[in-house]
Amino acid sequence: MRHVPVLLDTDFDGARFRAACAAHGGRHLHYIALAPRPVDASHLPDEWRVQWPHCVPGLHRMASRDGLVTLDVLIGEAEACLAQLVAKVDVVHLAWVPAAVPVLARLMVDGGQLHAVHLDEAQRMALQQNGFVFDESRLRAVFYARRGQYEAALAPERRAIVIGAGVAGAAACERLAARGWKVTLVERHAQPASEASGNLAGIFMPLLSKDDNIATRLTRAAYLYALRYWHGLGGIGAAIEGAQCGVLQLARDAEHAYVQRQIAASGVYPPEFARWLEAPQAGAMLGAPAPDGGWWFAEGGWARPSSVCAAMLDACGSLLTRRFSSSALRLERLEDEWLVRDAQGTLIAAAPTVILAAGTGAVHFEQAAGLPLDAVRGQVTHLPQGLLPAIPFVVCREAYMTPAHAGIVCVGASYDADADATLRASSQHDNIAKTADILGVAPFTAPLAGRTGFRCMAPDRLPLAGALPDPGVPGRCERLRDVPRWPGLHGLLGYASRGLIWAPLAAEFLACQLEGEPLPLERQLAEALDPARFLLRERRRAS
């Protein structure tokens with residue numbers, strides 16, 4: 001496990017950030033900054049200015065071009081952001097003292113340094129009572145942890161097996177390889193992206209809600225992270241097949257539109273992130289009636305998942321070993337390693353760490369059989385260019401429609417509960433009817449063409465990212481940290497219909513867990529992704 005210094009700035013200061021980067025020139029640095037008010041990024045170097053996040057709440061992760069500096073900016077009320085931070089901090093620049101000083105103490109490593117801008121006697125006393133010992137300046141301190149407060153992190157042997165070569169598995173490979181891990185990718189097909197990631201087009205856009213719930217916050221974080229991440233891989237429309245052409249999401253009906261107007265009126269979202277269009281504007285853009293208006297996501301669009309997979313796997317370089325056309329069916333734990341075997345018992349790969357990223361195929365392994373994952377059928381219809389009005393952006397309501405690419409327009413997708421992988425005329429009829437309704441044209445027939453995939457979905461429709469629970473170990477559980485886990489066994493599962501944007505952030509999240517790095521998500525959101533959440537609920541009910 002590499003030691004990367006972690007600095008926390010409780011009120012982002014561009015000069016302080018530039019100085020920290022200069023001091024660590026040529027070495028790794030993780031800089032975390034709270035931004036309780038809008039930041040003028042115009043004075044920052046280009047590589048940060050172009051990545052600077054929209055002023056929307058949440059944790060926004062950026063990285064320097066050389067990968068040496070990671071910058072996390074937390075936008076929102078400062079005390080709340082500090083309480084949600086998951087990190088071990090070496091140095092804190094304290095512009096203000098939190099009301100709950102133990103929250104700050106929880107973040108500090110033993111021997112961590114504090115540099116304060118100003119402290120009164122009461123603030124200094126509160127810090128001293130929580131382990132900070134001041135020098136004669138009375139503005140600098142060293143933190144000494146209470147005995148047993150922190151457990152030393154065990155450095156993992158940096159070898160892993162990833163099972164599944166869709167967007168989830170490919171992202172896991174890239175994020176681990178970026179940290180120097182050697183990764184073996186096991187895939188039963190001859191090519192990556194052969195299952196749910198094999199569609200011609202995947203849509204990327206955020207999710208909005210009036211209460212800004214967990215699903216909304218997670219999706220927003222994933223969407224914004226993915227945009228920056230893809231740029232680092234070469235960009236949509238260049239290294240990655242697709243277009244950042246914008247997405248017009250129409251309101252379903254008048255009642256839905258009423259709620260969307262309330263969200264727009266709140267002023268939370270800047271127009272460059274999400275802009276509400278009333279009926280005349282939306283209709284003019286669509287070239288058809290849009291009586292209830294809609295949202296315009298200017299940075300949204302579509303991408304071909306297989307090209308995203310290819311870009312991620314290519315970025316791994318020589319650290320990636322591919323074991324394709326290999327059906328991994330059994331996992332065995334021998335001493336400190338996992339052994340992956342096929343149906344005949346032949347050893348495919350061995351490593352201390354395994355990541356299951358095989359969608360609903362994960363439940364075929366004994367260790368993951370209890371995970372509540374369902375396969376939801378999705379049929380996409382491929383229409384020849386010219387059957388529908390030409391729209392240069394993605395439009396969606398009950399269905400979606402992509403711009404024509406290589407002579408094909410993708411519309412869909414169905415949401416079915418059966419396991420039929422064949423193309424069905426009834427599903428195609430529904431896809432065309434919904435799309436025709438959006439565009440204000442009469443339904444029509446077309447030759448049966450398209451693709452059927454199966455989305456992997458959890459009951460709460462949120463992904464599973466992290467260490468997998470071991471239900472065979474008995475015991476009472478009150479918190480997630482109490483749930484027993486399989487050693488070295490992790491999952492990246494349950495991406496439903498948002499795998500394209502979930503994959504990069506979830507992989508980064510898991511890589512940070514494995515490396516002991518600051519997490520790219522707030523604590524509440526990290527807990528919402530924990531694969532043990534379902535077992536915890538079961539045991540709470542049983543107690």
Side-chain angles (χ1 to χ4, degrees), residues 1-6 21 24-32 47-48 50-51 59-72 86-87 153 155-186 192-193 221-222 224-236 238-240 305 307-322 351-355 357 465-466 488 490 492 499-521:
M1 184 180 298
R2 60 182 181 174
H3 176 69
V4 177
V6 178
C21 291
H24 286 268
R27 292 175 294 158
H28 286 282
L29 170 68
H30 199 123
Y31 198 96
I32 304 172
E47 66 175 339
W48 302 110
V50 298
Q51 295 185 72
L59 191 158
H60 305 265
R61 174 157 293 185
M62 295 163 272
S64 61
R65 282 189 289 267
D66 59 13
L68 292 176
V69 179
T70 299
L71 171 60
D72 288 343
V86 183
E157 188 179 350
R158 301 167 97 199
R159 292 186 295 117
I161 301 165
V162 176
I163 300 176
V167 289
C173 293
E174 193 282 326
R175 289 291 75 207
L176 290 177
R179 291 163 167 83
W181 285 57
K182 294 181 178 179
V183 184
T184 300
L185 176 60
V186 180
L224 292 172
Y225 180 83
L227 295 182
R228 289 189 289 269
Y229 175 79
W230 294 331
H231 181 78
L233 290 177
I236 300 290
I240 296 170
S307 72
V308 178
C309 287
M312 293 189 289
L313 295 179
D314 288 347
C316 297
S318 61
L319 290 171
L320 178 66
T321 300
R322 307 181 193 216
T353 300
V354 169
I355 299 168
H490 306 266
L492 291 172
L500 197 61
I501 62 170
W502 279 124
L505 182 60
E508 172 73 1
F509 172 76
L510 179 54
C512 290
Q513 287 185 323
L514 292 172
E515 286 280 299
E517 298 173 2
L519 296 186
L521 285 168

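These numbers come from the heavy atoms of this one structure, side chains and all, not from hydrogens, waters or symmetry mates.
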Asks: According to salt bridge (charged side-chain N to carboxylate O under 4.0 Å, His left out), does anything in residues 159-172 pair up with another residue at least two apart or in another chain? List the pairs.
Replies: Glu157-Arg159, Arg159-Glu337
Asks: Work out which heavy atom in Cys173 is nearest to a heavy atom in Leu320; give both atom names and the distance.
Replies: SG-CD1, 3.9 Å
Asks: Any side-chain heavy-atom pair from Leu519 and Gln513 closer than 4.5 angstrom?
Replies: yes
Asks: Let me confirm one number: the CH2-CZ distance from Trp48 to Arg65, rounded to the nearest 0.5 Å.
Replies: 9.5 Å
Asks: Compare every heavy atom of Cys309 with every heavy atom of Ala193, then report the nearest pair and how far apart it is.
Replies: CB-SG, 4.0 Å
Asks: If you measure from SG on Cys512 to CZ on Arg179, what distance do you get to the nearest 0.5 Å?
Replies: 4.5 Å
Asks: Working to the nearest 0.5 angstrom, can you tell me the gap between Leu319 CG and Arg158 CZ?
Replies: 9.5 Å
Asks: Is a side-chain N or O of Arg61 found less than 3.5 angstrom from the main chain of Tyr225, in a donor-acceptor match?
Replies: no
Asks: Check step by step if side-chain contact (heavy atoms from CB on, under 4.5 Å) holds for Thr353 and His490.
Replies: CA-CA 8 Å; Thr353 300; His490 306 266; 3.9 Å; yes
Asks: Work out which heavy atom in His24 is nearest to a heavy atom in His28; give both atom names and the distance.
Replies: ND1-O, 4.0 Å
Asks: Minimum heavy-atom separation for Ile240 to Ser307, with atom names?
Replies: CG2-OG, 3.5 Å
Asks: About how many Å separate CG of Leu176 and CG of Leu185, when rounded to the nearest 0.5 Å?
Replies: 11.5 Å
Asks: If you round to the nearest 0.5 Å, how far is CG of Leu71 from NE2 of His60?
Replies: 11.0 Å
Asks: Does a side-chain heavy-atom distance below 4.5 Å link Tyr229 with Glu174?
Replies: yes
Asks: If every non-hydrogen atom of Leu510 is compared with every non-hydrogen atom of Gly466, which pair is closest and at what distance?
Replies: CD1-CA, 4.0 Å
Asks: If the test is side-chain contact (heavy atoms from CB on, under 4.5 Å), which one of Leu59, Val86, Leu505 qualifies with Leu521?
Replies: Leu505
Asks: To the closest 0.5 Å, what do you measure between CG (Leu233) and CG (Asp314)?
Replies: 9.5 Å
Asks: Which pair of heavy atoms, one from Ala503 and one from Ala171, lies closest together, and at what distance?
Replies: O-CB, 3.5 Å
Asks: Going by heavy atoms in the side chains, are Val183 and Cys316 under 4.5 Å from each other?
Replies: no
Asks: Hey, does the side chain of Glu517 reach the backbone of Ala511 with a donor-acceptor pair shorter than 3.5 angstrom?
Replies: no
Asks: Hey, are the side chains of Trp230 and Pro504 touching, using non-hydrogen atoms and a 4.5 Å cut-off?
Replies: yes
